Amino acid sequence: MEQDYPVIRVAVPVPLYGTFDYLVDPAASAPVGARVQIRFGRRPLVGVIVATDVESQVAPDKLKPVLRVLDDTPLFDEALLKLLRWTARYYHHPLGDTLATALPAALRRTRTDTESTRNRGWQAVADAPAEAEAALTRAPRQQELLAAIRAAGNAVAHGTLLARFPGAQRPLNALAERGLIEAVALPGGLETGTAGTPPALTSDQQDVVDRLRTASGFAPALIEGVTGSGKTEIYFQRMADILATGRQVLFLAPEIGLTPQLIDRLRSRFAAAIGVLHSQRSDGERADVWKAAGAGEADIVIGTRSAIFTPMPRLGLIIVDEEHDGSYKQGDGLRYHARDVALKRAQDAAIPILLGSATPALETLHNARAGRFVHHKLVRRATGAALPAIRLIDIRSRPLDGGLSDPLINRIRPHLEAGNQVMIFINRRGFAPALFCHDCGWSAPCHRCDAPMTVHGAMSRLVCHHCGSTEKAPTVCASCGSESLIALGAGTQRVAGALRSHFPDVAVARFDRDSMARKGRLEAQLADVASGKTQLLVGTQMLAKGHDFARLTCVGVLDVDGGLFSADFRATEHMAQVVTQVAGRAGRADRPGEVWLQTRNPEHPMLVRLLGGGYPGFAEAALAEREATALPPYGHLALLRAEAHEQRYPHDFLAAAAETIPLGGELACWGPVPAPMARRAGRYRAHLLLHASRRALLHPVLDRWQTQLAELPAARRVRWSIDVDPQDLL
DNA sequence: AAAAGCGGTACG
DNA sequence: GTACCGCTTTTC
């Protein structure tokens, strides 16, 4: 009798390709896209229904019943499921794990779901007695708040009001007491923005907006605009267009670019329900936003990489800001690229998508050149300010003090004396990148990685930047016993120290992951920069994006050379992007800026190209080089990665994997080779690079690999994964 | 990935 | 006998 029960197909979060069939109670509502709690083997798991009324090929007595259906309405709609099926196929990742990756963490677990009341809001009472308002004459704070709430037109989140009006709690309570406003429960996780007036556009901006408006259906556009050219305003104009038609907008930004300023701008511009998804939000809040977006309650969703998988039934526009940013590519598990998934999503939904950057990825420029994307360019800053001049300081045979050369110090001084701000960029945190024995050449290694330990806190601590292990710094060389240990090279801490001794009267602030560990620290430091209290800024990548520093007139970049001679073919592209982005921080208002790059390779052709032709000139040369070497975007790559505790296992597995490939003229296989850092966190890593001249050749091989590799005996000894379109070969 | 099954063996 | 390993098999 049990075989008469309906059978559903479930995607289970395990590293297995394929789905599993289960029996379900005929009386229960169990639609495609709903989660189910099941027993898989002996353990309980949460899976997602991907098909119903299935004719199972599995013996009826092996089918288990679903323990519980967790959602009576689908959590994944048809469009999102289709996108995720595509994603699983494209990245050759198991469907169940793909769906689990898309889901907010709170929904991956079993949980009796209680609708959240985390988000409370206030709205104006329409028929409030006139005398109540008249009584506000001696309460300016209350007047101000009431006006703000009325201007919004609908409910405003409590948190939003507190952020805009510090200490608003009491006046809000007073207004409620007078019956002028009332508390309402907002859809969980969402906040409500207030309508703002758009600023006048420059004619360049207006041209782009006008051209964007002529597009219909799937319309990918690249907006290549120099820093300060006002790309955000263009996004906002298009968002307004789309929101006015009653559709939803999905806005993606890298974690580092998703600043409070950007979110505030959004809030004070659109009288819309906004869902914010970023790493600082709790699991519960993320789940709330996800559900609200899926129910069509959110008008705008703004978030980082994983936000691309938010269900949005009325989606009308996708924006990918800083589209070149490496954080759009996930580095483990489902190794997806959110920009590429976004393009697929826009295509499926037949809607426009805007990719914006001052330094577009070479892949994106190539697509624009090939006519796949409409290419819009903004070469002038919206303020009319000049772009800074970028110049080199040759540091060959020059002594460095804390990473700084004398000429750079001398360039900085006048800017500080004039009361302006200076930023020093170094892509290395900590005090120094190695602790080195002056007598025998030994340097303190990480015991779990093939990498030196980084010195932190003025020679006191050693930290491995690859596995996170830390130890006390030794006082004598472990190899020869010498006491002449020196910290070699410079990181942010050392640079900050050197600057303090050169400019003792100037306040120096350090911006890196270590100094930002405490919550709110970044905001506090940025406030000091905005007020002019901080004059010297030292930092990593973190300083490169999303911040406006009105008084910044000089930028120094200490180590561009690392980007010129890396094993990674994308290193020069990253170097050019970072240099251009940090340079864009300088001279934003009416003050002209200057940028100095320290280098030992002033004749390097890519550096010369970047200085002479700016990022577009560099990109042209870089694309020519990629074409000559058949590297992306002119060739297509997939990386088979393997790691294990013993060195030989990854190699054996990859060698066996390489055997299974039918190598032809247009398909090449490189390796197996040890990864550039062969041992990391105690595991030995190696990989096999697959190169195809056409993408269509690559995917059939990967399709077969997906099943074949799992059956290789050697596969059981390693952890392996397929990385399609790898971003870094490390 | 995780848990269970299998076969070998050291133990006192 | 049984407690404990390393290795293989299975997961609807």
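As the structure is a computational prediction, the values presented were derived from the model and not from experiment. Just so it is clear: chains get the letters A, B, ... in the order the sequence lines come, proteins before strands, and each one is counted from 1.
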Participant: Tell me: CZ of A/Arg716 to P of B/dA4, nearest whole Å?
Facilitator: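 The distance from CZ of A/Arg716 to P of B/dA4 comes to 19 Å, rounded to the nearest Å.
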Participant: Which residue pairs pass the salt bridge (Lys or Arg N to Asp or Glu O under 4.0 Å) test with at least one member in residues 38-65 of chain A, sequence neighbours excluded?
Facilitator: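 Those involving residues 38-65 of chain A do not exist here.
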Participant: When you check the gap from the basic side-chain N to the acidic O, do A/Asp288 and A/Arg281 get nearer than 4.0 Å?
Facilitator: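 Not counted as a salt bridge, because no side-chain N and carboxylate O are separated by less than 4.0 Å.
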Participant: Starting at atom CZ of A/Phe20, determine the distance to atom C1' of B/dA2, rounded to an integer number of angstrom.
Facilitator: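 So the CZ-C1' distance, A/Phe20 to B/dA2, works out to 13 Å.
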Participant: Could you tell me if A/Ser327 and A/Asp325 have a donor-acceptor pair between their side chains, going purely by distance under 3.5 Å?
Facilitator: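 The answer is yes; a qualifying pair exists.
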Participant: If the threshold is 4.0 Å, N to carboxylate O, is there a salt bridge linking A/Asp450 and A/Arg685?
Facilitator: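 No, A/Asp450 and A/Arg685 are not salt-bridged.
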Participant: Within this structure, what is the OH-to-P distance between A/Tyr5 and C/dC12, rounded to whole angstrom?
Facilitator: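 Answer to the nearest Å: 19 Å.
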Participant: Between A/His92 (side chain only) and A/Trp705 (backbone N and O only), is there a donor and an acceptor less than 3.5 Å apart?
Facilitator: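 Flag not set: sc A/His92 to bb A/Trp705 has no pair under 3.5 Å.
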Participant: Report which part of the nucleic acid A/Arg9 touches: base, sugar-phosphate, or nothing (heavy-atom distance under 4.0 Å, all strands).
Facilitator: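 Since no nucleic acid heavy atom lies under 4.0 Å of A/Arg9, the category is nothing.
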Participant: Check every strand shown and say whether A/Val14 touches a base, only sugar-phosphate, or nothing at a heavy-atom separation below 4.0 Å.
Facilitator: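 The residue A/Val14 makes no contact with any strand.
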Participant: How close or far is atom C1' of C/dT11 from atom CG of A/Asp97, stated in whole angstroms?
Facilitator: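 A/Asp97 atom CG is separated from C/dT11 atom C1' by 15 Å.
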Participant: Between C/dT9 atom P and A/Glu711 atom CD, what is the distance in whole Å?
Facilitator: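 Between P of C/dT9 and CD of A/Glu711: 12 Å.
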Participant: To the nearest Å, how far apart are A/Asp21 CG and C/dT11 P?
Facilitator: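 In whole Å, C/dT11 P and A/Asp21 CG are 13 Å from each other.
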Participant: Would you tell me if any nitrogen or oxygen in the side chain of A/Lys62 comes within less than 4.0 Å of OP1 or OP2 on C/dC12?
Facilitator: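 No, because none of the side-chain N or O atoms of A/Lys62 sits under 4.0 Å from OP1 or OP2 of C/dC12.
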Participant: Separation of A/Trp720 atom CH2 from B/dA1 atom C1', in whole Å?
Facilitator: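 My rounded result for the distance is 13 Å.
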Participant: Could you check which residues of residues 38-47 of chain A get a heavy atom under 4.0 Å from DNA chain C? Sort them by number, please.
Facilitator: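 Residues of residues 38-47 of chain A under 4.0 Å from DNA chain C: A/Arg39, A/Phe40, A/Gly41.
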Participant: Could you tell me whether A/Asp348 and A/Lys344 make a salt bridge, using a distance below 4.0 angstrom between a side-chain N and a carboxylate O?
Facilitator: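 A salt bridge is present here (some side-chain N lies under 4.0 Å from a carboxylate O).
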Participant: Quick one: A/Leu712 CG to C/dT8 C1', roughly how many Å, whole number?
Facilitator: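 My rounded result for the distance is 16 Å.
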Participant: Per the ring pair (Phe, Tyr, Trp, His ring centres under 6.0 Å) rule, what does the pair list look like for residues 321-346 of chain A, sequence neighbours excluded?
Facilitator: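 Found A/Phe309-A/Tyr336.
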